[in-house]
Amino acid sequence: MSAVEQVQEQGSNILTDVVVRFAGDSGDGMQLTGNNFTEATAIYGNDLATFPDFPAEIRAPAGATFGVSAFQIYFGSEDVTTAGDDVDVLVAMNPAALITNLKELVPGGLIIADADAFTAKNLARAGYKDNPLEDGSLDAYRLISIDITKRVIDTVKPHGLSHKFAVRCKNMWTLGLTMWLFDRSRDAAIDGLRTKFAKAPDIAEANVAAINAGHAYGETAELPTGVEVYKVPRASVEPGLYRNTTGTEALAYGIIAGGQLAELPIVFASYPITPASGLLHSLSSQKQFEVMTFQAEDEIAAVCAAIGASFAGSLGVTSSSGPGISLKAEAISLACATELPLLIVNTQRGGPSTGLPTKTEQSDLNQSIFGRHGDTALPVISASTSVDCFDVAIEAVRIATKYRTPVILLSDGYMANASEPWHVPDFNSYEPFPVTFETNPEGFSPAKRDPETLARVWAKPGTPGMEHRIGGIEKDYVSGDISYDSDNHQKMTDIRKAKIDGIANDIPDQEVVLGNTKGKLAVVGWGSTFGAIHQAVKRGLAEGLDVAHIHIRHMWPMPSNLEALLSGYENVLIPEMNTGQLIKIIRAEFLIDAKGLNKISGQPFKIREIESAIKEQLESSK
Amino acid sequence: MNAPIKLTAKDYATDQEVRWCPGCGDYAILKAIQKLMPELDVPKENSVFVSGIGCSSRFPYYMNTFGFHTIHGRAPSVATGVKLANPELDVWVVTGDGDGLSIGGNHMMHALRRNVDLNILLFNNEIYGLTKGQYSPTSQVGTKSPSTPDGSVDLPLTPCTFAIGAGARFVARSIDTEMKHLTSQLTKAHAHKGASFVEILQNCPVYNDGIFDHVKDKKTSADTRLVLENGKPMLFGTDNSKGLRLNTANLTLEVVTLGEEGVTESDIMVHDETNKVLAQMLSELKSPDYPLPVGVIYQAPAPAYVTDVYNQRIKVREAKGAADVNALLQSGHTWTV
Ligand code: SF4
């Protein structure tokens with residue numbers, strides 16, 4: 001049932017949750033509109049999750065279906081962990097936005113369309129023969145068709161903008177109307193505009209006027225029955241200070257925080273690639289911290305500069321997306337061989353090759369665990385939500401510096417761009433893990449290890465008496481000198497592996513997020529499928545199903561109790577946005593006959609897809 | 001910590017057995033550098049040698065400094081990271097024609113144009129030694145090698161021309177066995193702030209023996225070698241009887257003999273190492289039509305990359321104030337529940 005119908009049926013305007021999707025040309029400013037609405041919604045006190053969904057083309061030809069940019073937000077009074085399965089309110093700025101997003105709209109859902117954009121040319125470009133706003137084909141929905149462009153031009157006329165700039169204000173008009181619809185405050189958006197356009201006050205004021213005009217339209221216009229101001233009660237959340245964050249931001253902050261906890265400067269070296277570049281941008285503007293950013297000439301140079309920085313006593317961090325990580329593979333093996341700390345962030349996207357650069361996927365788990373030459377085990381850790389990126393980055397820095405090893409951190413395009421409210425943590429509550437450099441020349445060997453962690457000593461250039469050489473050639477176990485000895489190679493390979501395996505004893509036991517610690521079915525996930533699995537299992541539990549949600553953060557090595565934990569369930573279901581990568585590891589490592597649920601469409605899982613897989617699984621194992 | 005006792009070449013040698021082939025030009029270069037290091041007034045612990053892969057790239061193992069033998073072609077990138085992390089370090093890159101100009105050409109280009117304060121030494125033997133003798137991007141056309149049994153057909157590049165084209169601000173050329181000349185070029189390269197590029201002609205007696213004999217042979221070198229000195233006329237030949245004159249009609253350098261056709265010393269072009277156009281012309285000169293220029297071909301200092309990076313950072317810090325993670329976490333729009 002759509003939110004609109006629900007309101008009519010229950011005779012009150014209270015809704016527990018709503019999904020709104022803003023869709024328009026990539027130049028229409030839909031991401032900005034969505035972000036403003038998100039901020040207002042967070043300030044209002046709803047729990048929320050967002051899903052920015054944009055095309056690979058920066059400015060596709062106006063009106064083209066492949067140029068549609070959308071921003072979806074799910075907000076409500078209960079815990080919200082996905083961007084929602086079905087859309088209740090669709091804002092369509094042109095025919096292409098309507099035709100590409102209508103299938104997501106529930107029957108009875110509300111469409112807000114800019115009638116002025118439904119011109120013969122745009123209709124033809126989107127593939128419409130007749131104007132859907134007029135031919136009755138949208139009768140199953142509620143339609144508010146407004147001449148937005150014209151109204152915006154009239155509204156901003158006093159501000160003296162050129163036609164081009166005037167038309168650009170229409171996203172703010174739409175934002176104003178949507179804010180009216182959900183009783184959001186316009187203050188933050190208006191403040192934001194005045195800050196953003198501080199140097200061009202006429203543009204700022206034109207946009208503010210557009211927001212206010214959209215809002216006023218809602219207050220005064222005759223709207224279809226059932227369309228009125230909806231109230232979505234505040235979510236009951238833990239008291240404290242909140243903000244919104246995308247995964248990219250949380251990850252950037254986590255890297256800075258990790259560096260401080262390790263008491264190490266960070267050198268972040270990267271090369272532009274979608275959807276990972278945001279991290280480079282974010283860290284580049286934090287020069288007040290001990291974080292140096294370097295835009296290298298290519299992916300290989302980026303990882304190599306990071307390795308050089310680690311050799312010199314900083315923590316080298318590099319970041320990319322799937323194809324770029326492939327280019328870095330050789331150098332990552334060098335970091336494994338020389339046993340230097342290094343953090344590699346992979347913001348995964350649809351592959352293979354250029355694939356779907358702006359869409360999400362989690363198909364680089366194999367590459368992360370296995371994708372190098374030689375026997376080069378290294379820790380792999382994955383974030384599950386935008387907010388989680390902060391803690392995961394800190395944990396990755398801890399492991400990399402404590403064990404002197406490259407660590408791969410997996411994020412993805414979805415969580416990198418999606419924002420959610422963040423209960424801001426107190427940095428003082430984090431336990432520091434300072435690094436100690438070797439400074440004593442007495443009996444020094446670059447091959448010396450910590451007997452417990454097996455980590456190699458870290459003696460940085462500039463330290464008197466510690467001059468030594470490292471490199472990619474196999475080294476003697478004791479002296480660190482070049483060695484081609486066969487027994488020594490066996491020993492070195494074994495110790496490098498043992499070091500990584502041993503990390504399993506230094507990570508938290510695997511916990512169960514929801515449900516019992518044994519039973520009929522465990523749904524095991526990793527990465528950004530967290531929200532959908534969480535909600536699906538929650539619904540299953542509410543229906544009395546025997547199902548649990550387990551979400552793995554430490555992909556390699558895995559928590560030492562994982563095998564025993566999973567063995568306590570009769571069935572294991574592994575949803576993944578790939579053709580089945582975690583499942584192979586679980587089957588190979590633990591001989592557990594897990595079943596997969598795989599989606600490779602570039603779109604996140606819907607709750608109901610996982611819900612029905614849970615039911616099917618429980619049904620078939622009866 | 002500055003060592004109270006003056007160090008010697010021995011202090012810069014390691015206990016590792018040097019594994020180059022007997023007679024390899026690398027030995028002479030190693031000896032020159034080990035001897036030079038104590039003269040440079042750099043604490044030993046601040047010197048770092050970074051190399052890629054190839055015969056020349058084994059170099060760091062034989063230097064008792066900090067050293068990193070990395071992967072093929074990537075030494076300039078690793079060295080850039082070292083310098084970014086600690087600008088106090090004195091960073092040397094040792095590479096070869098295959099490592100630095102084939103697989104690593106891109107990194108070489110960017111380290112040079114970015115002007116990272118590195119001393120880059122390119123040992124040019126015009127061959128792949130470590131992989132057993134394939135032709136390289138600097139091999140002359142017709143080079144017979146295991147991968148070009150009938151002779152190579154592709155045109156080689158000239159390292160110094162490449163470096164100037166890439167925007168290098170210090171470009172010099174020297175010869176493995178000319179210890180005095182080599183040492184003076186390395187001293188200048190070291191003193192130069194920003195990226196310095198020194199091509200060292202290096203003989204590989206195993207796979208490409210004698211390719212530089214014409215410039216090395218004492219009997220012919222007067223005619224085949226042009227020793228560049230800044231501010232001095234570009235004279236060469238026995239008794240400096242020949243020189244380079246600029247032909248202004250077609251903008252080329254031409255070889256002239258003093259006393260012939262009325263040529264006097266005042267007709268000979270004076271070397272100006274800050275003149276990039278001249279540098280480009282000089283870097284291209286080759287036998288048999290021209291003598292091979294050695295010495296500083298080009299030097300025009302510009303701000304070094306890492307210095308500017310740190311300066312920019314200081315400015316931002318002055319403007320933004322102290323760093324505080326909690327303040328960062330609480331930045332932007334926040335609300336209290
Ligand atoms: S192969 Fe040539 S360059 Fe390599 S060590 Fe032997 S002589 Fe020297």
Side-chain angles (χ1 to χ4, degrees), chain A residues 39 42-43 45 188 237-244 253 256-257 260 265 267 269 286-290 292 294 296-298 300-302 304-314 316 330-331 334 338 424-428 460-473 481-482, chain B residues 1 3 14-16 43-51 53 60-61 63-86 88-89 106-107 109-110 114 309 312-313 316-317 320-326 328-337:
Chain A
E39 193 167 357
I43 292 170
V237 289
E238 233 181 288
L241 184 75
Y242 282 79
R243 61 171 288 171
N244 276 327
Y253 296 172
I256 291 171
Q260 289 217 347
V267 173
Q286 302 298 347
K287 292 190 177 65
Q288 71 274 32
F289 291 96
E290 285 301 314
M292 168 79 62
F294 174 58
E297 60 270 23
D298 61 28
I300 299 173
C304 286
I307 291 172
S310 286
F311 173 60
S314 288
E330 185 200 7
L334 173 70
T338 50
V424 182
D426 178 7
F427 181 57
N428 298 325
K460 57 176 172 179
T463 319
M466 307 305 284
E467 293 86 352
H468 68 277
R469 277 63 54 196
I470 60 169
I473 300 183
D481 294 338
I482 293 179
Chain B
M1 191 183 76
T14 62
D15 57 0
Q16 298 296 293
K44 187 154 80 84
E45 65 271 15
N46 278 6
S47 296
V48 182
F49 280 81
V50 182
S51 66
I53 293 292
Y61 290 116
M63 289 297 298
N64 189 14
T65 61
F66 283 91
F68 198 170
H69 179 217
T70 71
I71 45 178
H72 207 8
R74 320 300 173 200
S77 311
V78 175
T80 299
V82 171
K83 194 75 188 169
L84 273 170
N86 185 355
E88 300 295 313
L89 299 174
N106 191 36
H107 308 307
M109 169 168 78
H110 289 280
R114 225 177 243 131
V309 167
Q312 191 181 53
R313 183 182 189 173
V316 171
R317 286 180 181 186
K320 280 198 179 176
D324 174 359
V325 174
N326 268 336
L328 177 70
L329 298 181
Q330 292 162 15
S331 61
H333 271 281
T334 57
W335 66 95
T336 306
V337 175

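Here is the naming used below: chain letters follow the sequence lines, and residue numbers restart at 1 for every chain. Keep in mind it's a predicted model, so treat the numbers as computed, not measured.
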Inset, instruction - Answer with side chain, backbone, both or neither: which region of B/V325 has an atom nearer than 4.5 Å to a non-hydrogen atom of chain A? - result: both
Inset, instruction - Select one option (side chain, backbone, both, neither) describing which atoms of B/M63 are under 4.5 Å from chain A's heavy atoms. - result: backbone
Inset, instruction - Using side chain to side chain contact (heavy atoms under 4.5 Å, CB included) as the criterion, list what pairs up with A/N428, not counting sequence neighbours. - result: A/D426, B/N326
Legend entry - A/A302: side chain to side chain contact (heavy atoms under 4.5 Å, CB included) partners, not counting sequence neighbours: A/A269, A/A296, A/T318, A/K328
Legend entry - Heavy-atom side-chain proximity of B/S331 to A/Y253 below 4.5 angstrom: yes
Legend entry - Contact check, side chains of B/H107 and A/D298, non-hydrogen atoms, under 4.5 Å: yes
Inset, instruction - Determine, stepwise, if the pair A/F311 / B/V78 fulfils side-chain contact (heavy atoms from CB on, under 4.5 Å). - result: CA-CA 9 Å; A/F311 173 60; B/V78 175; 5.8 Å; no
As an exercise: rank [options] by heavy-atom pairs under 4.5 Å with chain A and give me the winner.
| options | value |
| --- | --- |
| B/G67, B/A75, B/P60 | B/G67 |
| B/S77, B/S47, B/A85 | B/S77 |
| B/T70, B/N106, B/I71 | B/I71 |
| B/L329, B/N46, B/T336 | B/L329 |
| B/H110, B/K83, B/Q312 | B/H110 |
| B/T65, B/T80, B/V309 | B/T65 |

What option among [options] has the most heavy-atom pairs under 4.5 Å with chain B?
| options | result |
| --- | --- |
| A/E238, A/E39, A/Q260 | A/E39 |
| A/N244, A/T338, A/I256 | A/N244 |
| A/E290, A/M466, A/E330, A/R243 | A/R243 |
| A/A331, A/P239, A/S314, A/A301 | A/A301 |

Rounded to the nearest 0.5 Å, how far does [atom2] of [Y] lie from [atom1] of [X]?
| X | Y | atom1 | atom2 | value |
| --- | --- | --- | --- | --- |
| B/Q16 | A/I482 | CD | CD1 | 6.5 Å |
| B/H69 | A/R469 | NE2 | CZ | 13.5 Å |
| A/Q286 | B/L328 | CD | CG | 5.0 Å |
| B/Y61 | A/H468 | OH | NE2 | 11.0 Å |
| B/F66 | A/K460 | CZ | NZ | 10.5 Å |

Inset, instruction - State, to 0.1 Å, how close B/L89 and A/P461 come at their nearest heavy-atom pair, and which atoms those are. - result: CD1-CB, 3.7 Å
Legend entry - B/V82 versus A/G308, closest heavy-atom pair with distance: CG2-O, 3.3 Å
Inset, instruction - May I ask you to decide if A/G465's main-chain N or O and B/E45's side chain share a donor-acceptor pair within less than 3.5 Å? - result: no
Inset, instruction - Indicate yes or no for a side-chain donor-acceptor contact from B/W335 to the backbone of A/G45 under 3.5 Å, with no hydrogens or angles considered. - result: no
What part of [X] is in contact with chain B, defined as an atom under 4.5 angstrom from a non-hydrogen atom: side chain, backbone, both or neither?
| X | answer |
| --- | --- |
| A/P265 | neither |
| A/F289 | both |
| A/V237 | both |
| A/L241 | both |

Legend entry - Residues B/R74 and A/E297 bridged, charged N to O under 4.0 Å: no
